[in-house]
There are 4 protein chains.
Amino acid sequence: MPEGRRGAVRSTAAHTAVLRAAAELVERVGFERMTIEGIAQAAGVGKQTIYRWWSSKSAIVAEALFEGVLFPESFLTADTGDIAADLTTWLESVFRYLRDPAHAGLLVSLIGGAVADAEIGLRLTERLGAAPSSLLLRLEQAAADGRLAGDPRIVADALIGVIVMRILTRAPVPDADAAALVALVLGAGSGRPTY
Amino acid sequence: MPEGRRGAVRSTAAHTAVLRAAAELVERVGFERMTIEGIAQAAGVGKQTIYRWWSSKSAIVAEALFEGVLFPESFLTADTGDIAADLTTWLESVFRYLRDPAHAGLLVSLIGGAVADAEIGLRLTERLGAAPSSLLLRLEQAAADGRLAGDPRIVADALIGVIVMRILTRAPVPDADAAALVALVLGAGSGRPTY
Amino acid sequence: MPEGRRGAVRSTAAHTAVLRAAAELVERVGFERMTIEGIAQAAGVGKQTIYRWWSSKSAIVAEALFEGVLFPESFLTADTGDIAADLTTWLESVFRYLRDPAHAGLLVSLIGGAVADAEIGLRLTERLGAAPSSLLLRLEQAAADGRLAGDPRIVADALIGVIVMRILTRAPVPDADAAALVALVLGAGSGRPTY
Amino acid sequence: MPEGRRGAVRSTAAHTAVLRAAAELVERVGFERMTIEGIAQAAGVGKQTIYRWWSSKSAIVAEALFEGVLFPESFLTADTGDIAADLTTWLESVFRYLRDPAHAGLLVSLIGGAVADAEIGLRLTERLGAAPSSLLLRLEQAAADGRLAGDPRIVADALIGVIVMRILTRAPVPDADAAALVALVLGAGSGRPTY
DNA sequence: TGATAATCGAGACGGTACGTCCTGTCTTTCA
DNA sequence: TGAAAGACAGGACGTACCGTCTCGATTATCA
């Protein structure tokens, strides 16, 4: 028998309604313009119910990200054995996604969330590199196999970092940059053209 | 005689007082917690004076960054001819700066500003890569000389991107990562061991 | 030249709109159910404008009473020289007013206001005894002329006190009680039969 | 053992705990600042238990008054046969009680309760005139004996009314006013000085 | 040299959202 | 199975800022 707790239990309906409403609002109006009051109203929930379970709107967004309610895209591709090809395919699909201004706006917004709450940054990184951290896992596997010259963690930061920089500065993300970036971080040994 | 303009002229005292107060407040309370009203009060200036000359608090911060009133650090090092050594020295000094939690907090805050206003992102990038865009210039010079295998713009994004990722996720910035990152983006062709 | 004051001046439009809205709301929903937010909305005014000038909703009601915006009835009658007759006429008109349940409700409500703020009690007493305290003045005049046996202040309290008791206990106020009460407080010496 | 009933039985302990907690809270924070939640917590009782038995906080206070849990003072004096002396003694003891600001505050608060619920007014009147309505009984007895010139109900209202007025307006209650008021309402026939 | 026009500090204005508190109802667990 | 504990939707509280506006005073130009 678990801990002797009395009283009503957390309402899952309210819980998911809040996450869903938050996700919908981040996409529609952005992280900074979204309000707790707006979430409560959209979710049909009392404000106190939100404050009871989350400490801030960033905490809600972090959980929505983690639960895949918000930003449920998966950019991960199959493992073909060719790490360079796989990373390029992945980057290209991320770039393609970002070319939609609405998507770019959502990600700018989520970086704003990451400023307020580091966990949002982690969750966002996971989402970009595909859920549970597979980008890093694949890179570590490649490093273990000798197919990767650099530290997997730094390579991952460089890849995601370029994406984030392009998001933050609203810079274009041409497909050509995907292959070029992969070539850069995989090093000459991986057979990249010098172009 | 040009445009016939009558009346009092813009007060430079008020102008610089606002920039100074904004800089002080970003450092003390952070971008998001800083308010226009707070800036006005700290600067001893009417709110209307601020709204007359700036459109938002991000515009004030962008100008403060541009004018060097806020975040006046310079990380640029002399050009020794060894691009790898120079980049490593630069990265190490940025990393050293970030190890102070107050500095890291300031930069997190400024990324928050970049979310609100892309220009803050540009100004911040310039500050990190040293004023007027010298990081990019140096990389372009190196590319022109054949000392750089990748696209200078992508290399710059990767370098700054890693810094931004570490700031956003509040991850540690060990000195060793500086050399490793430089080796990564310069590639084996630059004559550095990949450690 | 008066005190050197800078900045915009208090808006009389907002001021009177608040008093009017408060008066309307006390009558419609009662003192306790009336909210500051409701007043602000009905007056088309920001909440802060209310809090800037009044410390509580009772302060607003007290001022509305004082200014005659709320409860502007005047029960005072002409001075015929016959204090007993005048007081009886006055009491009868107050009783007649109270027989309307809406009026009785308003007065119960205002007594609730008096509980929160003694000034409301004073203003209310003035209103009941007719503006500027004429009940007391008439009684003092009568006492000076030897037409009143008791302390005018106590006589006034007894008269108003009976009214307040009937309001508080929602007891009926038959016209006959008016003459009886006047006879009681004026005493046999005033030439009226004690019925 | 009576009827074979299982489970917990209606708790009288909870009942009295609620009344006691309510009494304690009215005295400590006042009627309007006291909350149902606060009573429940102070009584160690669930909120639902309160709502099951009482319809509002005024109902609780009314019952606490009726049961003598709250405001258990007794101002009644012995019947010496001299109605004027007895009433004066009684009024003086009420006035003495009111001179303690804490007591005056409690009574202001209870008048606030009477505004919310007329029954509180009745119970309060009874308490002031001593438990079960003895003030009125004594006056009726005096009237029957020809010792009272006025309608006993009006006399009672005038006596209590003056007390209530002094409470509501926070006016002083000098001992001298006791005799004067009694003289006023008993009329010249009772041998009062004309002063 | 006065009228005109723009600036300045100050601060009131209508609003929106904050985070807290309480209401009255409903739900779960314990004794 | 009654009562505690406590979650729920709702709504008002008093505060903090927003961006606009108005005020009286202070410059600067133009006629």
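Keep in mind that the numbers below use all heavy atoms, side chains included, and drop hydrogens, waters and symmetry copies. A, B, ... follow the sequence lines: proteins, then strands. Residue 1 opens every chain.
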From [atom1] of [X] over to [atom2] of [N], roughly how many Å is that when rounded to an integer?
| X | N | atom1 | atom2 | result |
| --- | --- | --- | --- | --- |
| A:Trp54 | E:dC18 | CH2 | P | 15 Å |
| D:His15 | F:dA3 | NE2 | P | 12 Å |
| A:Arg33 | F:dC17 | CZ | P | 21 Å |

May I ask you to check whether over 12 heavy atoms, not counting those of D:Arg20, lie within 6.0 Å of atom CZ?
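For D:Arg20, atom CZ is not crowded (no more than 12 foreign heavy atoms under 6.0 Å).
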In Å, rounded to the nearest 0.5 Å, how long is the span from CZ of D:Arg28 to CE of D:Met34?
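Interatomic distance, D:Arg28 CZ to D:Met34 CE, rounded to 0.5 Å: 11.5 Å.
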Does anything in residues 34-51 of chain A come within less than 4.0 Å of DNA chain E? Heavy atoms only, and list the residues if so.
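Nucleic-acid contacts, sorted: A:Thr35, A:Ile36, A:Glu37, A:Lys47, A:Gln48, A:Tyr51.
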Kindly point out which of E:dT27, E:dG14, E:dA12 is positioned nearest to the side chain of C:Ala14?
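Between E:dT27, E:dG14, E:dA12, the one nearest the side chain of C:Ala14 would be E:dG14.
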B:Ala8 has a side chain; which of E:dT7, E:dC13, F:dG6 sits nearest to it?
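The nucleotide sitting nearest to the side chain is E:dT7.
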Return the orientation label for the D:Trp53 and D:His15 ring planes: parallel under 30°, perpendicular over 60°, tilted otherwise.
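Perpendicular, since the angle between the ring planes exceeds 60°.
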A:Leu106 vs A:Leu110, side chain to side chain contact (heavy atoms under 4.5 Å, CB included): CA-CA, chis, key distance, verdict
CA-CA 6 Å; A:Leu106 170 60; A:Leu110 289 175; 4.1 Å; yes
First of B:Thr12 and D:Ser56 reached from the 5' end of DNA chain E, by closest nucleotide
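Whichever sits nearer the 5' end wins; that is B:Thr12.
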Would you say [N] has OP1 or OP2 under 4.0 Å from some side-chain N or O of [X]?
| X | N | answer |
| --- | --- | --- |
| D:Arg52 | F:dA3 | yes |
| A:Trp53 | F:dC8 | yes |
| B:Arg6 | F:dT29 | no |

Nearest heavy atoms of B:Ser109 and B:Glu32, plus distance in Å:
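In terms of heavy atoms, the two residues are closest at OG-OE2, 3.5 Å.
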To check you understand the geometry: which heavy-atom pair defines the closest contact between D:Leu124 and D:Leu65, and what is its length?
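Residues D:Leu124 and D:Leu65, closest heavy atoms: N-CD1, 4.1 Å.
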